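Following: one structure in structure tokens, then a few remarks.
Computed from a predicted model, the values in this text were never measured in an experiment. Chain naming here is simple, since letters A, B, ... match the order of the sequence lines and numbering starts at 1 in each.
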Amino acid sequence: MDFEHILNELNDSQKQAVANYQGPSLIIAGAGSGKTKVLTVRIAYLIANGVQPWQILALTFTNKAAREMRERIGNLIGDQQARYLNMGTFHSIFAKILRMEADKIGHTSNYTIYDSSDSKSLIRKIIKDLHLDPDSYKQGAVLGRISKAKNNLVTAKAYANNDKLKQFDRETRMPDIYRIYQEYSKRCKQSDAMDFDDLLLNINILFRDNPDVASHYQNRFKYILVDEYQDTNLSQYIIVKKLSELHQNITVVGDDAQSIYSFRGAKIENILNFRNDYKDYKLFKLERNYRSTKNIVNAANSLIAKNKNQIQKKIYSEKDSGNKIKILRANTDIEEGYNVVSHIFDLSYGENYKYSDFAILYRTNSQSRIFEEALRKRNIPYKLYGGTSFYQRKEIKDLLSYLRVVVNPNDSEAIKRIINYPKRGIGATTVDKLETAAASQASSLWSILLNLHNFSSSFNAGTQKKLMGFVRFIQEKMTELGNLNAYDLAQKIAQDSGILKDLFLDKSPEGVSRYENIKELLNGINEFIETEKEQDPDAEVGLPKYLENVALLTDMDAKDDDIPKISLMTVHASKGLEYKNVFIVGVEQNLFPSQMSSGSEKEIEEERRLFYVAITRAEHNAIISYAMSRRKWGNFNMCNPSRFISEINPEFLDMPSNFNLIQKSANQESIFESFNEKPKGFSNFNKKSTNFGKFKSTKTSSFKNFKPDNAQNITLGMTVEHARFGLGKVIALEAEWPETKAEIDFKTSGKRQLLLKFAKLKIVE
DNA sequence: GTATAAACACTTTTT
DNA sequence: GTGTTTATAC
């Protein structure tokens, strides 16, 4: 293979980082410096130099990154070769290894992966069972503590013996966390289930207790590459260290300035201390930013310079200066939504940008709603990443729970979800009795169900019959596991369980959309099978394979149509992505930086890195927006602009004329003064501000003054707005109020039938 | 056992 | 304000 021309496309430091592939390497890759390119070419180069693809282990942070890299490597060396690369997230790669070695750590190869909502509901149950006060033991906090312990390789047993941790728990009024942790681990094992953190912890335990297994994988993985190394936690660090022990061909890529996951145990020290771990390491710095204009890069540099703890580097851009970073000021959060959307509107028409050239980035998911509403109002298509994902929806989790139970009937969390859905007359008392029995036998719900005759005194004949019916249903589907592929079996289960019928009969708009979601999930399974077959035509794609995949999916991975859309996501989710125009919104004190991360300088530094990540997503324009007041939990709060705005060198900023005034009063904490001041129009940048005022007035009068009898006034041909489906035209009406049904042709989601008394429709015109 | 209403927590970020 | 969990009546 001729690599000459590929290498010649790289700059000097990139070339060095590709060609020196032996031994430990640290690649410091600044934002937009062509990191993915270097990684892909380096892997292709390894293969061109005789390394077998299956000897390469490449660990990424997201599935998406892995997929894209595999594709790009495929383009360089051919898909046939790229197929055999071990490339994926830590979680997905090691979940697969754990399937193969499951018996060595007390699981079966069909083990279930619990997502965080499974974990949370299990924790809630344990708190109850241990008679602990649910007010002092919040499930989220408890799970967080357990998660942190696991990421630091502290098992339940070790936790119980750790006085320091227990001391801390006493100080925070949760002295019994170690008991919850023990019980949680026990029940996970009984359910043959692992949570996300277990996947990494158990790999460590596997390697520790089975030197032959460890040695097998050490031999196999001759070359190891880790992307986003600054965001690895201790558990991941130890795995990587162990695996690279033999060959020492370890390459880590990262940027300490973009370390933003310490809240979930990531240790920036891993990248800072690489030099101590591997003494004869090679260091490569990629400092030229190919993504952004000079102004954006310089602004970001001036901000991150405020952080003390970092590896020295000079990120620079050879592009034009470009526009300064514009600062937008709004009086309220709602006005901020309109400001930003209006600005997007102007930019896209004025400068001919596509909607897919825009991203709105926020600190917390809850901020998305206001922008969604503003975008819908202007009929601008958008895509929301994160938040309640598709896979978290009730109906989806219900069907997935059936699939999980058929693959692993010991999965008690899944059984509890579906044992009475669709309704089969098995109520809470029955489930309670089953759980008590299971606890007394230290076994799963399923094993109680199988031995129901031993507990016949606890359940009356009718109940027993119903339970047996459920057991038979599951068993019947289990026998199909070998014959049917994932799609056919899932389809059959959806059908025979009555889920499809139940949702089909529910004609409320919610029911209709649930039905469609189930259809979409089934289509997704079918698609999964097809892509797997493309990779390997002989592969049997059964339910277990699908479930493993779906457990580790996020909605960043969802496929999408080709309609250009604005992207809405948290700053965390935007890492690794780039957009021509980036709006960073809600840039206020106590929001960004977050109130919860303002305690120590260390936390502030992480928030600053997060802000750095946000700015450096932009290629042409970065726009920062803040509001002077914002609704939180129902009531209004006054806000001040974020300290980060004033930490950027002002020569790269385009400030609103009234910013200084606000800053001053903010410092004096007399923000009310400036708030009450009447702004001169909505935005001093927007020429269409008259238009804009109109928008605002419709908005304020809409949902607030919404009359319940409004729906009765809907007539044929009206344009209406639905909270979820957006704008649509009424094309048919039938039956008398309150049974009136309307057929509405929605612009984005097509024709739908809605019952007027349920559908929250707003008359637009 | 089920359907409805009231109470409750939730908001920092995610594999 | 929202979605989920518990209390109450049927």
* Are A:Tyr385 and A:His572 an aromatic pair by the rule of ring centers under 6.0 Å? ->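 Ring centroids of A:Tyr385 and A:His572 are no less than 6.0 Å from each other.
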* Ring-ring centroid check A:Phe61 A:Tyr261, cutoff 6.0 Å ->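 Centroid distance A:Phe61-A:Tyr261: below 6.0 Å, so yes.
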What's [X] touching, base or sugar-phosphate or nothing? Going by heavy atoms closer than 4.0 Å.
X: A:Ser597; value: base
X: A:Asn420; value: sugar-phosphate
X: A:Phe61; value: sugar-phosphate

Minimum-distance nucleotide (side-chain atoms of [X] versus [options]):
X: A:Lys423; options: B:dT15, B:dG1, B:dT2; result: B:dT2
X: A:Phe196; options: B:dT14, B:dG1, B:dT15; result: B:dT15
X: A:Arg369; options: C:dG1, B:dT2, C:dT5; result: C:dG1
X: A:Lys138; options: B:dC10, B:dT15, B:dT11; result: B:dC10
X: A:Asn365; options: B:dC10, B:dT14, C:dT4; result: B:dT14
X: A:Thr429; options: B:dT13, B:dT11, B:dG1; result: B:dG1

Can you see which heavy atom on [X] is nearest to which on [Y], and at what distance?
X: A:Ala257; Y: A:Tyr612; value: O-CD2, 3.6 Å
X: A:Gly586; Y: A:Arg630; value: CA-NH2, 3.5 Å
X: A:Ile271; Y: A:Gln230; value: CG2-CB, 4.1 Å

* Contact residues, residues 600-617 of chain A to DNA chain B [heavy atom, < 4.0 Å] ->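 Nothing qualifies; none.
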* Would you kindly check whether a donor in the side chain of A:Arg124 faces an acceptor in the base of C:dT5, or vice versa, at under 3.5 angstrom? =>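 Counting by modelled atom types and ignoring angles, no donor-acceptor contact under 3.5 Å is found here.
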Does [X] have a side-chain nitrogen or oxygen under 4.0 Å from the phosphate oxygens OP1 or OP2 of [N]?
X: A:Ser594; N: B:dT11; value: no
X: A:Arg264; N: B:dT13; value: no
X: A:Thr570; N: B:dT14; value: yes

* Can we say A:Lys423 and A:Asp502 salt-bridge, meaning some charged N sits less than 4.0 Å from an Asp/Glu carboxylate O? ->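 Result for this pair is no, no salt bridge flagged.
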* Using the rule for Phe, Tyr, His and the six-membered ring of Trp, do A:Phe90 and B:dT15 stack at under 5.5 Å and under 30°? ->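 No.
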* Does the side chain of A:Thr429 come under 3.5 Å of the side chain of A:Asp432 through a donor N or O and an acceptor N or O? ->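 No.
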